[in-house]
Amino acid sequence: MAAYAALASLLNTIQQMMTHPTLSTSFHNINQIQSLQEKADLLLDFIETFNYGGVSEEAQDLESLITSAAHTAQDMIESHIANQLLPLSADDREAALSFSLYLQKKRAIEEKNAAAVVDVDQVHGGSNQAIDHVAGDGCLEYLRQIIEDMDAIIGKANELMEKQRVREDQPPTHSTPQYTQTGEETAMVGLRDELIQLLDELTGQRSNLHTISIVGMGGMGKTTLAKTIYANQLIIEHFHIRALATVSHQYNAKQILQQLLSSQEKSSDKSVDELGEQLYRTLSGRRYLIILDDIWSVEAWNEVKYFFPDNGSGSRILLTTRLSDVANGCGSSCFSKNLLNENESWELFCKKAFQNEDCPSELEEVGNEIVRLCKGLALSIVVIGGSLQKSPRTVGYWKSVAEDIESSPNSKEKQESLDVLFSSYNHLPPHLKPCFLHIGVLKSIDYANLDILSIIQLWVAEGFLKSNGGQVLEEIAEDYLKELVDRNLILVGRRSKNGKMKRCDIHDLLRDLCLKVADQQGWFFHVISQGQGHVVGTECRLVYHTDWWRQTSRPQLARSIMNSKFQKEEFHKHRLLRVLDVYSYGSVEELLNGRVNLRYVAVRELGHLSVLELPSSLSLVWNLHVLIFHIYSLYGCLVVAPIEIWKMRQLRHIQCRRIYLPHPDGQDELLILDNLQTLGRAVNLRLSEDVCNIIPNIKKLDLEYDEDLHGWDDSLIECLCNIDRLHKLESLKLGCVRSCQLNEMLSFPRSLNKLALEFINFEWDDLTMIGSLPILEVLQIEFNWNGSTWSPVDGQFQRLKFLKIYDCNLTSWNADSCHFPILEKLILCRLYQLEEIPWGIGDIPTLKLINLWKCSNSAAISAIKIKEEQLECQGNDDLQIQINVGTDKLECFMAMVETEGLTLNNVQFDTS
């Protein structure tokens with residue numbers, strides 16, 4: 001993990017530097033940089049292909065060497081870049097000298113090169129010529145030694161690869177795991193509903209061979225459920241033959257077959273084909289149940305599946321796996337193993353802690369607290385319950401256990417569970433390990449509620465992602481997230497309006513695993529919390545600081561600082577800082593001063609400002625990817641960007657509550673910001689041909705037009721007339737402080753997937769230009785008061801899934817199911833004049849929700865009638881109706897319900 005992330009980050013830095021118009025020429029020996037890039041590529045290929053699993057001491061030593069070399073190379077390059085971009089004052093010269101010497105001395109100490117340490121020390125306090133050499137070209141000269149080190153490391157990597165090939169040719173020596181079945185071991189507590197469901201599936205009427213997978217994260221009770229099924233009396237009576245084998249990550253087809261033949265005569269000298277033929281003959285003509293527990297790859301399934309005959313007698317194969325893609329690849333139907341609910345968790349805990357006794361009343365409160373801390377994970381409940389079984393049954397002791405579980409990731413109870421879950425991490429491919437650990441870090445500080453967009457932006461900024469040439473880095477990150485979800489290591493927390501993952505979550509025990517592993521990899525991150533005066537090591541690459549920053553050391557090589565309030569004097573050393581996410585800082589000028597290697601800047605608070613002007617020195621931050629200013633103020637702070645922002649070609653995301661970008665008129669040369677994907681909320685942005693050409697790959701655009709602010713020179717239509725040139729635009733939010741007329745001749749990009757209109761006046765019939773968008777899935781219309789009747793045109797809105805209409809002057813709506821054929825959610829808010837919801841809307845088979853918030857009583861009544869009609873006709877039974885009419889209309893509404901003879905039994909109703 002450490003080596004992969006370090007190499008990927010180094011290669012990203014080199015690639016971005018080489019495309020920079022001035023920095024690429026600042027290196028006198030460009031061949032040296034290219035050689036470094038080639039060797040880093042070779043080592044990254046080795047990391048991706050060599051399966052060393054983190055268990056060999058030799059492999060761990062090699063990983064440490066790779067990590068150190070990659071880090072030092074990147075430190076040297078970015079230090080040189082800082083020296084090239086920043087004019088050196090007298091103080092800065094001394095700082096640059098000190099910092100460059102620090103990097104070289106650190107490397108010499110790591111190599112235990114005493115002579116090199118002396119040489120570096122002698123330079124300090126030397127002549128101006130010596131200072132200029134060290135602050136300028138000295139770092140680059142030192143890269144030669146790093147390249148030589150990498151050559152030696154590549155040689156060691158090849159030797160290690162050869163040793164692995166020899167080991168793989170040897171027959172496995174580990175013993176076959178054996179199962180014993182006892183009533184105690186197979187006790188099913190908290191899993192009865194799942195057991196019944198699976199028993200029904202396994203003993204059903206289907207005659208052909210059927211494969212079923214139990215899928216879930218480690219520790220959820222998949223194996224327990226499978227073993228209980230294996231020993232169930234119904235299963236014993238139903239199947240002629242039962243056989244069970246554990247596959248595991250390092251599988252061996254011969255051992256799998258030997259386990260399945262455990263009740264038959266077998267011989268260790270038989271080949272896989274001979275054992276498979278014996279198993280096939282044994283199963284032929286009989287109804288059998290095969291259980292393959294803990295399967296990690298489709299390849300393992302492919303090696304044995306041909307030995308399971310399809311007798312047409314209702315045979316079944318049951319798999320357990322942590323990986324959803326494995327279950328799908330095996331052609332099985334998936335059964336997702338869920339976390340235990342509160343009652344199931346308590347029942348399982350009592351079974352383990354008290355056996356056949358009742359829980360003493362005085363321990364119930366603290367016992368429930370312990371169970372709550374387990375968060376429904378069966379493994380954790382069993383381990384902790386078993387630990388408490390023979391412990392003192394006193395309130396004081398149990399409280400100490402609860403406190404230990406909550407506060408210490410290294411507690412005895414947690415350690416046993418973490419050891420089981422570690423295999424899920426250990427067998428991750430190298431590219432997923434840093435990403436998974438990073439999510440655990442963010443979970444530990446509850447960062448941005450694990451917002452997917454923030455996670456992806458941070459991964460890109462940290463350099464965790466390796467470019468593949470065909471996808472942008474954000475798309476690669478989305479694929480990584482999906483892989484982690486498929487491996488049941490992270491959970492989908494919340495989805496956006498069009499069904500995409502918006503937030504994620506991770507179980508607390510997996511979070512603790514991340515903290516534990518990342519803490520062992522000291523370079524990766526260090527968490528400083530209240531009351532900890534911990535010294536952060538020089539190899540720390542991701543540092544999270546709370547407001548207790550003053551209690552820690554100030555590592556010069558800190559790459560990331562998050563959630564902190566800084567003092568000016570505490571911040572001046574961080575020349576290589578890459579990620580800065582802070583609540584507040586004295587001024588933007590001070591924040592940016594000297595930090596030219598920043599990639600991610602987020603500021604949440606800068607006092608009560610109405611206007612914040614960013615300095616022109618912003619353009620010196622040569623590799624800035626993300627710029628976020630979410631500054632809270634009464635009227636909304638306006639961030640004014642300098643004209644130089646149009647020269648920042650690495651920008652990927654600009655997110656502000658309001659930002660003004662001056663029009664790039666008079667620029668000598670118009671660069672293409674082909675990395676820019678998100679821009680919001682841009683005020684009075686005139687989308688001229690030049691601007692559209694500058695941002696050709698923009699995907700998400702949030703625009704606001706206000707006559708009282710900077711740059712209002714044109715009408716709304718003149719500002720938007722070229723928007724159809726943005727051929728990759730997926731999401732557009734368009735708002736006006738004063739209601740503006742939307743010209744029906746305006747053409748939106750056909751790539752739009754989401755569209756939100758605020759304070760835009762139009763006739764409802766003008767929506768034909770929107771309804772014809774071929775892939776539009778989300779439409780939000782807010783504050784339109786120009787027109788009262790909407791009659792959609794046939795054949796439009798064919799892909800629309802989410803429709804929200806808020807505070808509009810809509811009275812009559814004439815539509816049926818053919819106008820919104822796949823609509824899933826309909827949200828209507830403050831439509832006081834709407835007479836009724838069209839009856840045909842209820843016939844849309846995909847519709848899951850109609851939500852009315854403070855609309856007219858007649859519209860609410862029509863929604864209830866739609867639901868009742870669907871129930872009577874046995875139509876869309878899954879349709880949910882949610883209604884809030886407001887306290888001022890409650891009495892009248894209830895009278896109408898009674899008059900119509902309706903009930904609220906099938907409606908979610910509130911008056912808040």
Side-chain angles (χ1 to χ4, degrees), residues 168-181 198-199 201-204 206-215 222-223 225-227 229-232 235-335:
E168 288 176 348
D169 291 337
Q170 301 297 321
T173 58
H174 57 276
S175 59
T176 302
Q178 298 294 325
Y179 276 101
T180 57
Q181 301 296 330
L198 278 169
L199 289 176
E201 185 81 9
L202 291 168
T203 60
R206 183 184 297 195
S207 61
N208 61 310
L209 178 63
H210 181 44
T211 305
I212 304 166
S213 292
I214 306 174
V215 185
K222 301 183 300 297
T223 296
L225 182 56
K227 289 167 64 178
I229 287 171
Y230 186 86
N232 184 270
I235 294 294
I236 294 173
E237 295 174 356
H238 184 78
F239 292 99
H240 304 135
I241 294 177
R242 296 169 301 127
L244 184 149
T246 299
V247 180
S248 298
H249 192 274
Q250 299 293 337
Y251 72 91
N252 179 281
K254 185 173 182 179
Q255 289 189 345
I256 294 172
L257 295 172
Q258 285 178 333
Q259 290 180 73
L260 295 176
L261 286 165
S262 59
S263 61
Q264 309 294 324
E265 181 181 353
K266 59 182 182 179
S267 173
S268 60
D269 58 0
K270 287 186 177 181
S271 68
V272 169
D273 289 339
E274 289 172 329
L275 290 170
E277 184 180 355
Q278 180 182 345
L279 178 63
Y280 190 93
R281 290 197 307 267
T282 301
L283 300 179
S284 293
R286 302 182 182 183
R287 183 165 57 241
Y288 59 86
L289 170 65
I290 299 293
I291 296 181
L292 299 178
D293 184 38
D294 197 26
I295 186 168
W296 286 76
S297 69
V298 177
E299 288 75 19
W301 165 253
N302 289 337
E303 288 199 32
V304 298
K305 67 179 181 180
Y306 300 105
F307 304 125
F308 306 135
D310 187 353
N311 302 322
S313 57
S315 295
R316 301 287 184 262
I317 299 174
L318 182 65
L319 313 176
T320 73
T321 181
R322 305 182 188 193
L323 312 176
S324 299
D325 57 341
V326 169
N328 294 329
C330 294
S332 62
S333 58
C334 294
F335 176 85

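The first residue of the sequence shown is numbered 1, and numbering continues consecutively from there.
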Heavy-atom pair of closest approach, residues [X] and [Y]:
X      : Y      : answer
Trp296 : Leu323 : O-CD1, 3.1 Å
Ile256 : Ala245 : O-CB, 3.8 Å
Leu209 : Phe308 : CD2-O, 3.8 Å
Ile236 : Tyr230 : CG1-O, 4.2 Å
Phe239 : Gly314 : CE2-O, 3.7 Å
Leu261 : Leu275 : CD1-O, 3.6 Å

So does [Y] get a backbone contact from the side chain of [X], meaning a donor-acceptor N/O pair under 3.5 Å?
X      : Y      : result
His210 : Arg316 : no
Tyr288 : Pro309 : yes
Asp294 : Thr246 : no

A side-chain contact here means heavy atoms from C-beta on lying under 4.5 Å apart; do [X] and [Y] qualify?
X      : Y      : value
Ser333 : Glu201 : yes
Ile214 : Leu198 : yes
Arg242 : Leu244 : no
Lys254 : Gln258 : yes

> Who passes side-chain hydrogen bond (donor to acceptor under 3.5 Å, both in side chains) against Ser324, sequence neighbours left out?
Replying inline: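 side-chain hydrogen bond (donor to acceptor under 3.5 Å, both in side chains) list for Ser324, sorted by chain: empty.
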
> Excluding sequence neighbours, so at least two apart, what forms side-chain hydrogen bond (donor to acceptor under 3.5 Å, both in side chains) with Thr320?
Replying inline: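 In terms of side-chain hydrogen bond (donor to acceptor under 3.5 Å, both in side chains), with neighbours along the sequence ignored, Thr320 is linked to Asp293.
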
>> Can you list everything that forms a side chain to side chain contact (heavy atoms under 4.5 Å, CB included) with Ser207? Sequence neighbours excluded, please.
In response: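 Here no residue qualifies.
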
> side chain to side chain contact (heavy atoms under 4.5 Å, CB included) with Asn328: which residues, sequence neighbours excluded?
Replying inline: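 Asn328 satisfies side chain to side chain contact (heavy atoms under 4.5 Å, CB included) with Cys334 only.
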
>> Among residues at least two apart in sequence or on other chains, which ones pass salt bridge (charged side-chain N to carboxylate O under 4.0 Å, His left out) with Arg281?
In response: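 Salt bridge (charged side-chain N to carboxylate O under 4.0 Å, His left out) check on Arg281 returns Glu277.
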
Atom [atom1] of [X] and atom [atom2] of [Y]: how far apart are they, to the nearest 0.5 Å?
X      : Y      : atom1 : atom2 : answer
Gln278 : Leu260 : CD    : CG    : 11.0 Å
Ile241 : Arg286 : CD1   : CZ    : 4.5 Å
Leu202 : Ile235 : CG    : CD1   : 5.0 Å
Ile295 : Cys330 : CD1   : SG    : 4.5 Å

>> So, applying side chain to side chain contact (heavy atoms under 4.5 Å, CB included) with Leu319, which one of Ile291, Val247, Leu292 is it?
In response: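 When side chain to side chain contact (heavy atoms under 4.5 Å, CB included) is applied between Leu319 and each of Ile291, Val247, Leu292, only Leu292 qualifies.
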
>> Under the side chain to side chain donor-acceptor pair (under 3.5 Å) definition, can you give me all pairs with a residue in residues 297-307, not counting sequence neighbours?
In response: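 Pairs touching residues 297-307 that pass the test: Tyr251-Glu303, Asn302-Lys305.
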
